[in-house]
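Just below is one structure, and these are the notes that go with it.
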Amino acid sequence: MENFREDELLLDNNNMNDSVSENLDENGFPSLDSAKSFSSDFYSSGTNWSCLVTENAESSEEKKKKNKKMKQTDLFQMWGFKKPDTSSASTSKKIQMKTDVGFPSQQRRVCPFYKKIPGTSFTVDAFRFGLIEGCSAYFLSHFHYDHYGGLSKGWSHGSIYCTPLTARLLRMCLSVNPTFIYPLELDVEHNIEGVKVTMLEANHCPGAALTHFRLIDGRCYLHTGDFRASKLMQSHPLLASHRVNLLYLDTTYCNPKYRFPSKQDVLHFVVKIARQTLKKQPKTLIIVGAYSIGKECVYLAISDALGVKIHTNASRRRVLQSFGWPELSGKLCSHGKDTPLHILPLSSLRHETLKKYLDTFAYEYTTLLAFRPTGWTYSETLGNQLDLIRPTSKGNITIYGVPYSEHSSFFELREFVQFLKPDKIIPTVNVGNAANRDKMQSYFREWMKS
DNA sequence: GCGATCAGCT
DNA sequence: CACAGCTGATCGC
């Protein structure tokens with residue numbers, strides 16, 4: 001997850017000073033020798049977003065006057081029963097509610113400093129800002145929309161560096177011109193403009209990577225992208241042997257209220273529920289919800305445990321096939337009737353929608369059990385106790401929210417940071433408001449004490 | 001006519 | 001709450 005909502009970024013514009021921008025070069029890249037001071041200024045001032053937006057904040061006020069509209073999703077198309085309708089929909093004329101006339105959006109959105117790597121002309125996950133002056137290499141940490149946003153067929157602003165799997169998805173799903181894409185094998189040191197760059201497995205979604213930069217002067221910077229910290233990560237030679245001077249950290253769950261179990265525990269829980277349900281009612285259709293990529297292990301675990309194949313629509317099958325994982329590819333099947341385990345978009349995981357879906361398999365299945373894996377199915381009181389999770393049931397439809405997270409929990413973050421002992425930390429998530437930034441800053445200070 | 005983008009929503 | 005989008009409307013070519 002990332003913060004990039006303009007209205008959020010605008011919040012702090014009334015309290016600006018020049019402490020950050022002083023340490024930026026003419027293109028807004030933090031200069032090499034001031035890497036320390038620019039991040040400390042970031043923490044001390046907490047509110048300096050001078051490198052972000054400078055336009056007026058008016059637009060956010062007049063936004064909320066649109067009527068809610070009924071939407072008519074073609075479920076059969078989404079589920080793969082039907083080809084997309086190519087006939088044009090009727091377009092009704094509407095009164096313009098636009099308030100920021102005259103300002104092209106890219107002019108108003110400037111790449112924030114925490115996406116720029118000091119002492120280099122590199123940026124990370126910064127495609128939605130159009131051409132970034134002074135940027136010669138655009139790194140992409142993983143293939144999730146809020147990170148690749150801005151990339152499309154017409155991209156021509158510069159070289160894109162990412163893992164080979166992410167590169168395939170860029171070509172396949174976004175038709176990005178391959179001449180701009182430079183796949184970087186994991187765990188191999190690549191020399192890019194004199195900087196030694198290594199991609200490390202991020203334990204997030206397929207293809208997600210931490211990016212490790214070793215500059216010519218020996219300084220090491222680690223950008224986590226989105227990641228779930230693990231013990232295994234600590235044994236990586238690059239992290240075990242080199243001091244990290246600057247850590248760009250995925251702070252999605254940087255708050256102790258976020259407690260969730262290990263992935264393994266959640267997988268065991270899901271499998272247990274699936275088995276119990278099938279034992280009671282053998283004619284149960286099992287659904288796992290998923291976004292574009294990620295959470296594959298949830299349905300792989302069920303597939304393995306029950307010895308059944310995995311059905312999903314053609315477009316998702318194409319994406320999953322592209323991973324090149326035999327243990328996944330071999331289990332996919334194109335006919336829903338051939339397996340009781342189906343994958344649907346998370347948006348389908350509502351009782352009403354699932355009922356319709358079950359109706360399309362009325363001859364095969366009588367009940368439906370669905371899992372909604374998200375990171376924020378947490379509870380302060382439940383904590384780690386999976387057995388206290390209660391599903392929501394309506395008729396023969398049962399939905400479990402399960403805390404399968406592909407981001408680090410608060411305590412995993414703490415352990416990772418205390419292992420790494422970086423000189424400085426730059427949070428990359430939840431930085432849109434000052435209270436959050438201050439809170440995270442105080443956690444960092446606490447962690448770094450000893 | 002189509003792809004890209006935006007606001008609103010979950 | 002916030003994940004990682006989804007959707008319909010609008011904009012731009």
_Salt-bridge present (A/Asp387, A/Lys272; N to O < 4.0 Å)_ = yes
*Please give, in whole Å, the distance from C/dA4 P to A/Arg316 CZ?*
14 Å
*Among the candidates C/dG5, C/dC6, C/dC3, find the nucleotide nearest to the side-chain atoms of A/Tyr291.*
C/dC3
*Kindly point out which of B/dA4, C/dC3, C/dG5 is positioned nearest to the side chain of A/Lys153?*
B/dA4
_Pair listing, salt bridge (Lys or Arg N to Asp or Glu O under 4.0 Å) test, anchored in residues 155-181 of chain A, at least two apart_ = none
*Output yes when at least one side-chain N/O atom of A/His407 is less than 4.0 Å from OP1 or OP2 of C/dA4, else no.*
yes
*Between A/His144 and C/dG5, does any side-chain N or O lie under 4.0 Å from OP1 or OP2?*
yes
_Proximal nucleotide (of C/dG5, C/dA2, B/dA4) relative to the A/Tyr258 side chain_ = C/dA2
_Just the rounded figure in Å: distance from C1' of C/dA4 to CG of A/Leu140._
14 Å
*What is the distance from CG of A/Leu151 to P of B/dA4, rounded to the nearest Å?*
11 Å
_Please report the distance, rounded to the nearest Å, between CG in A/Asn436 and C1' in C/dA2._
11 Å
*To the nearest angstrom, how far is A/Phe129 atom CZ from B/dT5 atom C1'?*
15 Å
_Checking side-chain polar atoms at under 3.5 Å, does A/His236 have a donor or acceptor matched by the opposite partner on A/Asp187?_
yes
*asked:* Expressed as a whole number of angstroms, how long is the span from A/Arg350:CZ to C/dG5:P?
replied: 17 Å
*Rounded to the nearest 0.5 Å, how far apart are CD1 of A/Ile426 and CE of A/Met440?*
12.0 Å
*Quick one: A/Asp226 CG to C/dG5 P, roughly how many Å, whole number?*
10 Å
*Contact class for A/Ser405 (heavy atom, under 4.0 Å): base, sugar-phosphate, or nothing?*
nothing
*asked:* Without decimals, in angstroms, what is the distance between A/Ile293 CD1 and C/dC6 P?
replied: 12 Å
_Pairing residues for A/Ala209 by the side chain to side chain contact (heavy atoms under 4.5 Å, CB included) criterion, not counting sequence neighbours_ = A/Thr163, A/Leu186, A/Met199
_Please confirm whether the shortest side-chain N or O distance from A/Thr374 to OP1 or OP2 of C/dC3 is below 4.0 Å._
no
